[in-house]
Protein chains: 2
Amino acid sequence: MSKEETVIPKLIPVFRQYGYEGTSLSMLAKATGLGKASLYHHFPQGKEGMATAVMNYIANSFSQAVLQPLNNSDKPDKKIHQMCRGLKEFYNDGKNNCFLAIMSFGEAQSLFGELVKQQLQLWLDTLEKVLIEAGIEPEQAELRSQAAIMEIQGALILVRILNDTAPFERAIANLPEKLFRVPIA
Amino acid sequence: MSKEETVIPKLIPVFRQYGYEGTSLSMLAKATGLGKASLYHHFPQGKEGMATAVMNYIANSFSQAVLQPLNNSDKPDKKIHQMCRGLKEFYNDGKNNCFLAIMSFGEAQSLFGELVKQQLQLWLDTLEKVLIEAGIEPEQAELRSQAAIMEIQGALILVRILNDTAPFERAIANLPEKLFRVPIA
DNA sequence: GTCTATATAGGGATAGAC
DNA sequence: GTCTATCCCTATATAGAC
């Protein structure tokens with residue numbers, strides 16, 4: 001494990017709570033216990049480099065927790081069940097903001113918008129394939145995958161505003177049923 | 001119409017695109033055509049005052065476009081239909097970010113979090129009453145109202161990331177059916 | 001009511017000692 | 001690899017002329 005990889009986890013909660021523009025080098029220095037100059041030693045591209053490193057690190061965690069279960073050799077309903085478990089863990093029961101949502105507006109949008117879009121598309125495509133494997137029509141599979149991710153994103157916002165994780169927990173609990181059995185017009 | 005009320009609409013798109021922390025006085029000055037000092041004449045509380053004014057202005061627009069139809073004397077399904085029309089207009093077919101989502105994280109959360117929560121709760125309660133009026137059980141009415149707003153919020157995020165308004169349009173199109181006819185576990 | 005000019009603080013970033 | 005010290009710039013905010 002390289003030195004950067006021990007620093008990155010300390011950067012994550014700062015960017016996650018305050019967003020790209022709301023995060024300052026001072027905050028990152030405090031969170032890591034390093035001076036600003038030391039941060040530049042590890043990340044010569046400065047704040048943008050740190051955010052990029054965080055994005056990649058998170059993409060990897062997400063892949064492990066959420067996508068990998070969808071790509072294994074279990075039956076579709078078990079894959080979805082495991083994705084749900086992964087989502088609860090990844091989003092800390094809904095208390096974590098989603099980096100895709102955070103990094104897709106303001107100045108961050110021009111810096112990371114394309115990367116964010118690719119990550120989201122990867123999630124959509126992976127989910128869609130599982131539904132098709134389960135015998136759902138391709139168009140329905142696409143619509144339901146989108147609807148599922150929409151609900152999760154919306155749930156995270158409600159949790160944040162209402163300061164109550166119930167909406168997220170319900171959304172996760174209802175996800176398998178909706179994906180497998182509720183048609184979309 | 002006071003002078004401030006002619007300035008506020010010019011502030012809105014800046015805060016909406018860049019968020020609270022991502023918006024600077026220079027941007028606001030440029031957007032209004034006024035100097036920074038002039039902005040302080042209209043809003044002695046500076047950036048925070050401008051954001052507050054924008055929040056109140058938007059709350060009013062939202063009330064007119066979305067809540068008012070829910071409070072009139074039409075039949076429930078017509079009320080919902082009119083809310084959907086209002087939502088499409090208010091969110092500019094999904095291209096507008098939601099201020100509730102934007103102002104509920106980072107530094108803005110501590111400044112406006114309570115106001116945002118109240119606004120969201122008002123929407124939830126108003127919607128819930130219409131569903132109850134339509135004969136839906138109170139617990140279902142609450143769950144479906146939450147689910148509906150979740151979908152809209154999630155749809156706005158997908159639109160932003162994918163740069164495609166289709167998810168929002170579908171979410172709105174399916175809203176009446178979901179509110180009136182799709183039970184939540 | 002708007003401006004120019006300015007005050008003060010903090011931002012991101014770098015140089016160079018250790 | 002970490003630090004102190006510093007640079008430059010932009011941020012918010014204010015003073016005071018017009």
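Sequence lines set the chain letters: A, B, ... in the order given, protein chains first and strands last, and positions in each chain run from 1.
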Nearest-Å distance, [atom1] ([X]) to [atom2] ([N])?
X	N	atom1	atom2	value
Glu21(A)	dG10(C)	CD	C1'	16 Å
Lys47(B)	dA11(D)	NZ	P	9 Å
Leu25(A)	dC7(D)	CG	P	19 Å
Glu107(B)	dA11(D)	CD	P	15 Å
Tyr40(A)	dA5(D)	OH	C1'	16 Å
Phe43(A)	dG12(C)	CZ	P	15 Å
Lys36(B)	dA11(D)	NZ	C1'	7 Å
Glu48(A)	dA13(C)	CD	P	8 Å

Mapping Gly35(B) and Gly46(A) onto DNA chain C by nearest heavy atom, which one lands closer to the 5' end? Gly35(B)
Can you tell me if the side-chain N/O atoms of [X] get under 4.0 Å from OP1 or OP2 in [N]?
X	N	value
Ser26(B)	dA11(D)	yes
Ser38(B)	dC3(C)	yes
His41(A)	dT2(D)	no

Please report the shortest heavy-atom distance between Met55(A) and Phe112(A), naming the atom on each side. CE-CB, 4.2 Å
Minimum heavy-atom separation for Tyr18(A) and Glu107(B), please, with both atom names. CD2-N, 4.2 Å
Is the backbone of Ala29(B) close enough, under 3.5 Å, to the side chain of Lys36(B) for a donor and an acceptor to pair up by distance? no
So does Arg144(B) get a backbone contact from the side chain of Lys178(B), meaning a donor-acceptor N/O pair under 3.5 Å? no
Contact class for Thr23(A) (heavy atom, under 4.0 Å): base, sugar-phosphate, or nothing? sugar-phosphate
Indicate, with a heavy-atom threshold strictly under 4.0 Å, whether Ser24(A) touches base, sugar-phosphate, or nothing. sugar-phosphate
Nucleotide of dC3(C), dC3(D), dT2(C) approaching Ala37(B) most closely (side-chain heavy atoms): dC3(C)
Would Phe15(A) and Phe99(A) count as a close aromatic pair, with their ring centres under 6.0 Å? no
